[in-house]
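By convention in this document, chain letters (A, B, ...) are assigned in the order of the sequence lines, proteins followed by strands, and residues within each chain are numbered from 1. Below, all heavy atoms of this structure are taken into account, side chains as well, without hydrogens, waters or symmetry copies.
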Amino acid sequence: MDLSPRYNPLDVEEPLLAQWNEAGLFQAEPDPTRTPYTIVIPPPNVTGILHMGHALNNTIQDILIRFKRMQGFNALWVPGTDHAGIATQNVVEKSLAKEGKRRQDLGREAFLNRVWQWREQYGSTIITQLKRLGASCDWRRTRFTMDDGLSQAVTDVFLKLYEAGLLYRGNYIINWCPRCQTALADEEAPRKETQGKLYHFRYPLSETPDRSIVVATTRPETMLGDTAVAVHPNDPRYQSLIGQTVRLPLVGRELRIIADEAVDPEFGTGAVKVTPAHDPVDFQLGKKHSLEFINVMTDDGRMANVPAPYDGLDRFVCRKRVLEDLERQELLEKTTDHLHNVGHCYRCDTVIEPRLSLQWFVRMKPLAEPAIQAVKDGTITFIPSRWTKVYLNWMENIQDWCISRQIWWGHRIPVWYCNACITNEKSKKDPNWKPENIIGIQPTSAERGVAGVIVSKTPPTQCPTCGSVVGLKQDEDVLDTWFSSWLWPFSTLGWPQHTKDLDYFYPTNTLVTAPEIIFFWVARMIMAGYFCLGKPPFTTVYIHGTVRDLSGRKMSKSLGNVIDPLEIIKQFGADALRYTLVTSTAVGTDVFISDEKFVVGRNFSNKLWNAARFILQVAPAAPGTGALPPAEQLSVFDRWILAELNRTIADTTAALERCHFDEAADRVYEFLWHQFCDWHIEFVKPTITTMPAGRQVLRHVLEQSLRLLHPVMPFISEALWQQLRPADATKFLMTAPWPLPGALQDDEAGRQVRWAIQVITAIRSVRAEFRVPAAARVDVTLAGHSAPDAALAEQITRLAGVHTLRVSAKAAAARGSVPILFDGGSGVIHLGDAIDLEQARHAKQRELTEELQPRLQAVEGRLRNEAFTKSAPPDIVQQEQEKRTILTQRIATLESYLNALR
RNA sequence: GGGCGAUUAGCUCAGUCGGUUAGAGCGCAUGCCUCACAUGCAUGAGGUCAGAGGUUCGAGUCCUCUAUCGCCCACCA
């Protein structure tokens with residue numbers, strides 16, 4: 001082992017990954033004799049590169065998996081990636097654009113080949129990065145949402161839902177990008193605050209054209225598709241107009257004036273033009289009031305189904321034209337500036353157009369019921385629990401899920417349409433209907449067995465209704481990416497096949513994820529789990545925070561505040577990255593980081609490294625097992641540190657069980673650095689060469705604490721542990737058993753050492769406060785304690801730099817001395833000439849009057865209060881009484897000292 | 001507009017069932033290159049727990065209101 005005083009993680013981490021991997025330690029197989037513990041990874045986008053959010057998310061999962069693995073569970077962590085429909089398609093389209101091509105130029109099949117090609121080449125980047133972080137996934141099981149098995153799961157579920165009557169096809173307002181000619185999910189059409197104009201139009205009443213109602217709009221061109229005007233039912237201004245009609249200018253259509261609560265009487269004129277095919281709110285109004293839906297725009301943003309002068313105009317050209325024409329007719333009442341949020345295509349920044357289109361939906365209410373129940377009855381719990389409310393609130397108001405997407409990269413919708421049947425069916429109802437029109441199947445009739453709609457796992461060769469073998473055409477759309485991810489916890493284990501893996505590892509245990517995908521993903525997985533398997537997909541959902549910079553902003557490329565985890569790993573090591581991430585976040589709170597913060601993790605690694613270096617030097621491996629020497633060979637220090645180790649084991653274990661990862665990491669840090677290194681090693685240093693039992697204890701304590709540290713800092717703990725490994729232990733720390741508290745409990749030795757630490761600290765404090773030169777002679781007399789054992793006394797004198805240490809019943813104050821007060825007693829430090837008497841007197845006088853006396857008064861006040869002594873728990877009262885005794889003693893000590901100085 | 005959360009040291013945050021003198025890391029100050037570690041050691045300064053009221057023997061902790069900030073959802077045509 002390299003004995004450099006500087007720990008270099010790069011020398012250690014990569015080789016360890018290779019060792020672990022070679023030994024197959026990440027792998028898990030069903031084993032009925034052991035209890036499984038399973039986590040499925042939230043699959044990162046296949047286009048992804050590791051960012052701090054991933055680093056945090058996967059560090060937490062790895063902590064859990066490593067902890068449970070050491071506890072003896074058969075721990076499986078299933079990795080994989082998500083095909084991320086639109087995101088991935090965009091990446092490939094961008095690379096195409098560099099060649100001056102669009103996806104349409106290649107055609108569907110060639111384009112998809114290109115995407116697959118891309119995935120082969122770059123799709124494992126993030127997996128490689130996760131490995132580097134130390135993620136102990138079973139990498140053999142890496143899945144991709146477009147794998148054959150998972151695609152089969154998708155198709156199966158689609159069929160299952162169809163058969164259960166939970167699928168329908170209906171019209172819906174979507175975000176449409178006229179440039180990309182595709183629908184966009186809401187999150188793909190971010191709203192930007194935009195300075196626009198609010199135009200007020202006068203719509204003349206049909207009956208009395210000299211009277212009119214004024215409506216306001218930001219998108220004048222949509223007025224060509226208006227099919228109503230709406231006002232609030234209680235708005236006094238419009239009571240008489242409700243039910244009347246207006247004549248739509250430029251078009252001439254008669255529009256009913258309807259009343260609906262959705263209208264805000266405060267905004268604009270309190271009257272709204274209703275364009276059901278081009279606005280989400282209007283769409284709802286249209287459905288509610290059975291209005292006509294007129295789509296006035298083509299895929300590329302030109303006007304259609306409008307009077308001749310406007311037909312074919314670009315939407316913004318048309319906007320100007322409409323305004324000019326209304327102005328000429330004196331129907332443009334006024335124009336005001338208006339700041340509003342407008343959706344923009346996140347790829348090309350084009351203003352999106354809300355537009356009616358035909359989409360597939362899943363009826364969610366029936367699916368939600370068991371998923372609500374499971375959370376209510378505690379089958380599934382959220383950590384932190386406040387997310388329970390958020391989840392339930394959303395689930396109880398759940399909307400149907402639009403699952404079709406007009407892109408190419410994804411699972412193609414397994415539906416075929418029979419042209420013959422549909423033509424036939426439609427023309428019965430509407431003689432003017434032509435097949436090239438939108439195929440509209442109304443929600444109410446779409447459940448099953450609709451003529452012409454064939455839902456099938458494989459391409460049908462014949463229409464089951466009319467027997468036609470031609471004109472069967474597959475739906476052009478693909479499914480929402482989440483339609484595959486919601487099956488992830490069981491599709492990755494082999495579902496819909498009945499596999500051993502599924503039997504054994506499902507339901508999984510813990511899901512670790514971020515709050516922003518509770519709705520998209522977590523809730524849907526729970527619903528899918530119950531729908532497909534009748535069982536929850538997991539029992540605990542751990543929601544961690546968002547990684548932010550120090551000013552609280554999310555990390556994003558556009559803000560330029562991104563810290564690259566791989567850069568941190570290169571600079572400080574994966575352990576430092578993991579440690580700092582985990583200790584920077586309490587349960588469920590956001591994580592605020594800057595690159596300097598990772599120095600803390602690095603410094604801790606280095607500290608550990610050096611402590612181990614020291615121990616390996618002074619206490620080389622002894623033959624035999626890791627068993628501790630018999631109790632009678634242990635020094636006070638050994639007994640003390642072993643008891644502290646036991647407490648640390650208990651605390652750390654409890655913290656991990658509660659998913660308080662920061663607490664667990666802090667606890668081991670505190671023990672290793674501030675108890676073991678700062679005190680124990682210092683105490684035993686001078687005698688270690690002559691105390692074989694002490695050497696064994698040193699190795700034992702470090703070895704055991706490395707086990708505690710391993711889930712958080714797997715690399716350095718493994719590297720050092722292998723050097724300290726007891727002869728009878730497993731080869732790898734990673735699979736070594738989790739420590740259990742030993743038999744040795746806190747005892748008299750522990751109290752002695754804690755007392756000694758206080759004495760030493762108090763003496764050092766005085767030395768520093770009064771600037772006592774290192775060479776000055778310092779004698780100490782302690783009171784209120786029996787004589788410490790020789791070893792202890794020796795270390796007190798050594799570590800506090802004391803010449804002689806005496807213990808007497810009463811430590812008399814005298815000139816040239818300073819009293820010290822500590823929890824286990826008090827004493828006097830004789831400093832002779834090395835002390836400034838005036839300064840000492842002032843300091844002690846202040847301590848007396850500003851600190852001790854007010855505290856005593858407070859305590860006495862409480863004890864005089866009968867309400868307190870009668871109603872407070874007895875142990876609290878007793879505590880106060882003890883406090884009074886101690887304070888009284890201290891005050892007496894200080895007073896006698898001050899008197900002696902006079 | 002609806003919901004959730006936060007406000008504790010200069011900074012970033014802990015603080016369990018209401019009960020000793022409210023903690024940590026970083027930063028700062030002072031002194032140390034002590035033979036594991038200067039990525040270190042020792043000591044220290046720094047807090048009206050956002051504000052007001054209430055419950056209680058006792059409130060950082062529970063309740064109400066106010067202020068400020070953040071997040072999610074729905075969004076004004």
What salt bridge (Lys or Arg N to Asp or Glu O under 4.0 Å) pairs are there with at least one residue in residues 673-687 of chain A, not counting sequence neighbours?
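Sorted pair list: A/E682-A/K685.
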Tell me the interatomic distance from [X], atom [atom1], to [N], atom [atom2], rounded to whole angstroms.
{"X": "A/I688", "N": "B/A36", "atom1": "CD1", "atom2": "C1'", "answer": "13 Å"}
{"X": "A/R602", "N": "B/C37", "atom1": "CZ", "atom2": "P", "answer": "16 Å"}
{"X": "A/F283", "N": "B/C75", "atom1": "CZ", "atom2": "P", "answer": "13 Å"}
{"X": "A/E663", "N": "B/G15", "atom1": "CD", "atom2": "C1'", "answer": "9 Å"}
{"X": "A/N393", "N": "B/G5", "atom1": "CG", "atom2": "P", "answer": "12 Å"}
{"X": "A/D279", "N": "B/A77", "atom1": "CG", "atom2": "P", "answer": "8 Å"}
{"X": "A/H680", "N": "B/C37", "atom1": "NE2", "atom2": "P", "answer": "19 Å"}
{"X": "A/Y199", "N": "B/C76", "atom1": "OH", "atom2": "C1'", "answer": "17 Å"}

If the [atom1] atom of [N] is compared with that of [M], how far apart are they to the nearest Å?
{"N": "B/C4", "M": "B/G44", "atom1": "P", "answer": "46 Å"}
{"N": "B/G15", "M": "B/U68", "atom1": "C1'", "answer": "23 Å"}
{"N": "B/G18", "M": "B/C57", "atom1": "C1'", "answer": "12 Å"}
{"N": "B/C49", "M": "B/U61", "atom1": "C1'", "answer": "10 Å"}
{"N": "B/A29", "M": "B/U7", "atom1": "C1'", "answer": "29 Å"}
{"N": "B/G2", "M": "B/U20", "atom1": "P", "answer": "40 Å"}
{"N": "B/U21", "M": "B/U66", "atom1": "P", "answer": "35 Å"}
{"N": "B/A9", "M": "B/G47", "atom1": "P", "answer": "10 Å"}

Is any side-chain N of the basic residue among A/E850 and A/R846 closer than 4.0 Å to the acidic one's carboxylate O?
yes
Salt-bridge test for A/K844 and A/E847: reply yes if a basic N is under 4.0 Å from a carboxylate O, no otherwise.
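Result for this pair is yes, salt bridge flagged.
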Sugar-phosphate, base or nothing in reach of [X], heavy atoms under 4.0 Å:
{"X": "A/T761", "value": "sugar-phosphate"}
{"X": "A/D678", "value": "sugar-phosphate"}
{"X": "A/V215", "value": "nothing"}
{"X": "A/Q878", "value": "nothing"}

Below 4.0 angstrom from OP1 or OP2 of [N], is there any side-chain N or O of [X]?
{"X": "A/R386", "N": "B/C4", "value": "no"}
{"X": "A/K685", "N": "B/C35", "value": "no"}
{"X": "A/S765", "N": "B/G44", "value": "yes"}

For RNA chain B, the dot-bracket pattern of Watson-Crick and G-U pairs whose distances stay under 3.5 Å, | for other-strand partners:
(((((((..((((.....[...)))).(((((.......))))).....(((((..]....))))))))))))....
Give the table of side-chain donor-acceptor pairs shorter than 3.5 Å for residues 218-225 of chain A, with sequence neighbours excluded, one pair per line with atom names and distance.
{"from": "A/R219", "atom 1": "NH1", "to": "A/H278", "atom 2": "O", "distance (Å)": "3.2"}
{"from": "A/R219", "atom 1": "NH2", "to": "A/H278", "atom 2": "O", "distance (Å)": "2.9"}
{"from": "A/R219", "atom 1": "NH2", "to": "A/E353", "atom 2": "OE2", "distance (Å)": "3.0"}
{"from": "A/E221", "atom 1": "OE1", "to": "A/R319", "atom 2": "NE", "distance (Å)": "2.8"}
{"from": "A/E221", "atom 1": "OE1", "to": "A/R319", "atom 2": "NH2", "distance (Å)": "3.4"}
{"from": "A/E221", "atom 1": "OE2", "to": "A/R319", "atom 2": "NH2", "distance (Å)": "3.0"}
{"from": "A/T222", "atom 1": "OG1", "to": "A/R219", "atom 2": "O", "distance (Å)": "2.7"}
{"from": "A/T222", "atom 1": "OG1", "to": "A/K273", "atom 2": "NZ", "distance (Å)": "2.8"}

Please classify B/C17 as syn or anti, treating any glycosidic angle within 90° of 0 as syn.
syn
Out of B/C76, B/C41, B/A77, whichever nucleotide has its closest atom nearest the side chain of A/W673
B/C41
Measure from the side chain of A/R658, starting at C-beta and using heavy atoms only, and say which of B/C72, B/U16, B/A36 lies closest.
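Per side-chain heavy atoms of A/R658, the pick is B/U16.
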Is there a donor-acceptor pair under 3.5 Å between the side chain of A/S826 and the backbone N or O of A/F822?
no
Check whether A/R884 reaches the backbone of A/L856 with its side chain - one donor and one acceptor, N or O, closer than 3.5 Å.
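Such a contact is absent between A/R884 side chain and A/L856 backbone.
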A/T269/A/I213 under side-chain contact (heavy atoms from CB on, under 4.5 Å): CA gap, chis, key distance, verdict
CA-CA 9 Å; A/T269 59; A/I213 187 163; over 6 Å; no
In B/S/- notation, 5' to 3', how is nucleotides 18-34 of chain B contacted by protein heavy atoms closer than 4.0 Å?
-BSB---S----S----
With no angle test and no hydrogens, is the base of B/U43 tied to the side chain of A/R764 by a donor-acceptor pair under 3.5 Å?
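Side chain to base: no pair present.
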Should the side chain of A/K607 and the base of B/C37 be counted as holding a donor-acceptor pair, with the cut-off at 3.5 Å?
yes
Holding to salt bridge (charged side-chain N to carboxylate O under 4.0 Å, His left out), I want the full list of residues that pass it with A/K870, two or more places apart in sequence or in another chain.
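Checked A/K870 against salt bridge (charged side-chain N to carboxylate O under 4.0 Å, His left out); matches are A/E866.
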Of A/K389 and A/A768, whose closest RNA chain B nucleotide lies nearer the 5' terminus?
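Result: A/K389.
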Let me know, please, whether A/T869 or A/F604 comes out on the 5' side of the other along RNA chain B by nearest nucleotide.
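Here A/F604 is the residue nearer the 5' end.
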Going through the checks in order, is the side-chain contact (heavy atoms from CB on, under 4.5 Å) test met by A/Q571 and A/R602?
CA-CA 9 Å; A/Q571 227 179 321; A/R602 180 202 58 178; over 6 Å; no
A/Y7: which residues meet the ring pair (Phe, Tyr, Trp, His ring centres under 6.0 Å) condition with it, sequence neighbours left out?
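Residues passing ring pair (Phe, Tyr, Trp, His ring centres under 6.0 Å) with A/Y7: A/W609.
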Is any side-chain heavy atom of A/I688 closer than 4.5 Å to a side-chain heavy atom of A/I681?
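A/I688 does not reach A/I681 side chain to side chain.
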So A/Y579 and A/Y669, side-chain contact (heavy atoms from CB on, under 4.5 Å) or not? Walk me through it.
CA-CA 10 Å; A/Y579 176 83; A/Y669 176 97; 3.0 Å; yes
